Amino acid sequence: MKKENMTIIDVSEFPDPVSDAFLFMPEEEEEQMDIYTEYIQLSTSAPSGTKLESGFYCRQETEDGELCDGTIEVTQIDMPKQVRWKCRRCGDMGALVNYEGTMWDNSHLNDDEKERFLDRFFSDIKGEEVWEDDFYGFGDEEIGPFDDFEYYLNPYDEDEEPSSEGIKEMLECDWLNSDSPIYLNRDLSLKDVEQSFFFHNARQFLILLNREGAFRLTRMGYLKRKVIRQLLEEMRWPENYIENIRKYKNGKLDEPDIWLLHGIRVLLALAELVKMDENDNSKIRFNEEHEYLLEEENAGELYRLLFSAYFKDMNLGYLGSSFEFPQLQYSIPFILYKMRDAAKDWVPIKELVHDILLFSVKIELTFAEAEGDDFDTLELDLLYADLFAALERFALLETKSTSSAPADPTENYPDHVRITELYKKFVRV
């Protein structure tokens, strides 16, 4: 049904992009302002009356609470002077006024400049999309960890165990093979692994997907809100995690808002447990070849598959620091080997990093010059976000804070860790 009312937006009320008012705008208002200014740039680069697809999809809610997802069309009219938008699906419409002479008004450009702007705009929209593996994984081109093997090892630890050759064998091994120097044991019960945040939520995702047959996606490729509501009821979350997001987003949650949920979906795709529907790319389905993994007796195998996909295939920074540290990721088998003894009891993180990190990783994280407690807080935060937090979510690590509350409330990472009983069962050396 088409909407009768038209939203009028006065562009003269937009804050200057270099002003404090702009810097402190709420994120949702800033995003909406960006969309409106794109409408202005696009429509003022074409002759008045020209209808153009904006490349944006309608964010209006339908009666069932889902997003409309219709294509937004924009045009500039002269009488009165307005930039108008309209959704082709639901009919939602609006107008931008008082935009003339602003930094987003392209009316002053000559025809060649306008044409170049439109070419760039539409090439961005219609250009080849980057497969998300390149963002949350490493893509097709992998960095070989042994291209310069001497750099990879710690030159100051030549007399320590394991030997250089032992480390190399450990890092190159298939940790799913029981004959490997480090082996991930799959003989675990559901009770053992159910305490893992990643395992529990990934399994609940698969159970619901298997029951529903398929999850339909939005035009942007995200889960529909109905599915999100169902998953939120079935999954478990850190204390106040969902409540705080609801406050920030006024209660309307989409997949990108719940980054841990999105990360679990990414993990399931990398583990090849979830796949796109072969006949309809607007749906995802459970890979039925792995349906047996939902059986209780196969919980350990599912847990091991998720762990291996996370630490071998997924960029550790995707749910952590957002950076990419390939040397850290390649050395995970060595880290697991060292932590088995170094963190069997509570140990300060600042001490532990000296025992578990190869020299190349210390260089990568700029720890190489650090001695004793002389560490940069940022570097420790990166390591906690990409390594220790992930191990904790797999229930392989316990953490605690022994210091008083920091002056900066954002510096609230625990300062001590120790391995769990699950770690001792799962990681075999």
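Computed from a predicted structure; not experimentally measured.
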Please identify each residue that fulfils salt bridge (charged side-chain N to carboxylate O under 4.0 Å, His left out) with Lys226, with sequence neighbours left out. none
Contacts of Arg393 that satisfy side-chain hydrogen bond (donor to acceptor under 3.5 Å, both in side chains) - sequence neighbours left out: none
Any Lys/Arg nitrogen of Arg225 or Glu255 sitting under 4.0 Å from an Asp/Glu carboxylate oxygen of the other? no
Look at the aromatic rings of Phe307 and Trp175 and report parallel, tilted or perpendicular, splitting at 30° and 60°. tilted
Looking at Glu421 and Lys424, is there a salt bridge between them, counting it only when a charged N and a carboxylate O are closer than 4.0 Å? yes
If the condition is side-chain hydrogen bond (donor to acceptor under 3.5 Å, both in side chains), which residues does Ser45 pass it with, not counting sequence neighbours? Asn106
Does a side chain donor of either Ser189 or Asp192 reach within less than 3.5 Å of an acceptor in the other side chain? yes
Can you list the residues that meet the ring-ring contact (aromatic ring centres under 6.0 Å, His included) rule with Phe388, with sequence neighbours excluded? none
The criterion is salt bridge (charged side-chain N to carboxylate O under 4.0 Å, His left out); which residues satisfy it with Arg304, sequence neighbours excluded? none
Residues passing the side-chain hydrogen bond (donor to acceptor under 3.5 Å, both in side chains) test with Arg219, sequence neighbours excluded, are Thr71
So, does Asp254 use its side chain to make a donor-acceptor pair with the main chain of Asp257 at under 3.5 Å? no
Tyr423 side chain reached by Leu336 side chain, heavy atoms, under 4.5 Å: yes
Walk me through it: do Glu73 and Arg88 pass the test salt bridge (Lys or Arg N to Asp or Glu O under 4.0 Å)? CA-CA 7 Å; Glu73 188 177 74; Arg88 289 180 176 177; 3.0 Å; yes
Report the residues that fulfil side-chain hydrogen bond (donor to acceptor under 3.5 Å, both in side chains) with Thr37, sequence neighbours left out, ordered by chain and then residue number. none
In residues 272-279, what donor-acceptor pairs under 3.5 Å come from side-chain atoms, sequence neighbours left out?
| residue | atom | partner | partner atom | Å |
| --- | --- | --- | --- | --- |
| Asp277 | OD1 | Asn279 | N | 2.7 |
| Asp277 | OD1 | Asp280 | N | 3.0 |
| Asp277 | OD2 | Arg285 | NE | 2.3 |
| Asp277 | OD2 | Arg285 | NH2 | 3.0 |

For Thr420 and Glu398, does a side-chain donor sit closer than 3.5 Å to a side-chain acceptor? no
Contacts of Tyr384 that satisfy ring-ring contact (aromatic ring centres under 6.0 Å, His included) - sequence neighbours left out: Tyr413
For Asp386 and Ser321, which I'm curious about, is there any donor-acceptor pair between the side chains at under 3.5 Å? yes
Sequence neighbours left out, what passes ring-ring contact (aromatic ring centres under 6.0 Å, His included) with Phe286? Give chain and number order. none
Set of residues satisfying ring-ring contact (aromatic ring centres under 6.0 Å, His included) with respect to Tyr36, sequence neighbours excluded: Trp85
Show me the donor-acceptor pairs within less than 3.5 Å that the side chains of residues 203-216 make with the rest of the protein, sequence neighbours left out.
| residue | atom | partner | partner atom | Å |
| --- | --- | --- | --- | --- |
| Arg203 | NH2 | Leu294 | O | 2.8 |
| Asn210 | ND2 | Glu291 | OE2 | 3.4 |
| Arg216 | NH1 | Ser282 | OG | 3.1 |

